[in-house]
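All remarks here apply to the structure that follows.
As a basis for the values below, the full set of heavy atoms in this structure was taken, side chains included, without hydrogen atoms, waters or symmetry mates.
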Amino acid sequence: EVVGLVSSGMTLSDGQVAGGFTQTVLSGGATVSAFVTSGAQVVDGTTTGTVVSGAENSVQIVSSGGVASATVLSLGDQWVYAGGVAFGTVVSSGSQSVDGGLAVGTTVGSGAEQDIRRGAAQDTIVSGGFQTIHSGTASGAVTFGAVQSVNSGAGLPNTSRGPPVEPDENVPSPATH
């Protein structure tokens, strides 16, 4: 079932967003186990277990007041804006962009990316992927075989690193994503 607007007091389970369609979850509204393919989910309320998959233009946008938990990105993107929070996102393919918001407990897999701009990330696990900190902070990050890039003015407290990996010429750099 495709529902474009999830209103306050409403909880939608197993919804689908496809065909370039946009679903907006209003403050006080919630979705559980949504599936987003070639469309967008705008989160002003709460979402749990959304899967963003299937096309490079599939996206979950977490706005001010929005909370997204346990989102899985499989060839899709998540944007976390100021006032928005993402908990436990798994980025298996695609990217998480933290632009003023907060991401907690993200897992970034091989070839995937976490891009932090003016926001904050806590307790990220980067396993074979990319983490780029532009002007925000990343605290408690753990990296294994990953590429971590920290620009001037960014913060990187309490980070531990496993064995480093040299960028492979066949793997696109974070700047080309």
- Task: State, without any angle test, whether Ser95 and Asp77 hold a side-chain donor-acceptor pair at a distance under 3.5 Å.
- Result: yes
- Note on the structure: What one should report as the nearest heavy-atom pair of Thr71 and Val52 is CG2-CG2, 4.2 Å
- Are Val67 and Val98 grouped together when hydrophobic residues (ILVMFWY) are joined by side-chain heavy atoms under 4.5 angstrom apart? no
- Note on the structure: Residues Ser38 and Gly19: closest non-hydrogen pair is OG-N, 3.0 Å
- Separation between OG1 (Thr106) and CD (Gln114), nearest 0.5 Å, reads 5.0 Å
- Are Leu102 and Ile116 in one and the same hydrophobic cluster, where Ile, Leu, Val, Met, Phe, Trp and Tyr link if side-chain heavy atoms are under 4.5 Å apart? no
- Item | Gap between atom OH of Tyr81 and atom CG of Asp44 - 0.5 Å precision | 12.5 Å
- Passes side-chain contact (heavy atoms from CB on, under 4.5 Å), Gln96 versus Val108? Steps please. CA-CA 9 Å; Gln96 180 188 60; Val108 182; 5.7 Å; no
- Test Thr31 against Gln23 for side-chain contact (heavy atoms from CB on, under 4.5 Å), laying out the working first. CA-CA 10 Å; Thr31 66; Gln23 178 184 72; 3.9 Å; yes
- Got a donor-acceptor contact below 3.5 angstrom from the Ser135 side chain to the Arg118 backbone? yes
- Note on the structure: Closest non-hydrogen contact found for Ile133 with Ala138 is CG1-CB, 3.9 Å
- Query: Can you hop from Leu26 to Val6 via hydrophobic side chains spaced under 4.5 Å?
  - Reply: no
- Looking at Val59 and Val36, what are the two nearest heavy atoms and their distance? O-CG1, 4.2 Å
- Query: For Ser74 and Ser92, what are the C-alpha separation, side-chain angles and deciding distance, and is it a side-chain contact (heavy atoms from CB on, under 4.5 Å)?
  - Reply: CA-CA 5 Å; Ser74 176; Ser92 62; 3.8 Å; yes
- Is there a side-chain contact between Ser97 and Asp115 (heavy atoms, below 4.5 Å)? yes
- Minimal heavy-atom distance between Ala68 and Val62, with the atoms involved, is CB-CG2, 3.8 Å
- Would you call Thr132 and Glu113 a side-chain contact if the rule is heavy atoms closer than 4.5 Å? yes
- Message: In this structure, would Ile125 and Val104 fall into the same cluster of hydrophobic residues linked by side-chain contacts under 4.5 Å?
- Response: no
- Task: Considering non-hydrogen atoms only, spot the tightest contact between Ala121 and Thr124 and give its length.
- Result: CB-OG1, 3.7 Å
- Gln41 pairs by side-chain hydrogen bond (donor to acceptor under 3.5 Å, both in side chains) with which of Thr22, Thr50, Thr24? Thr50
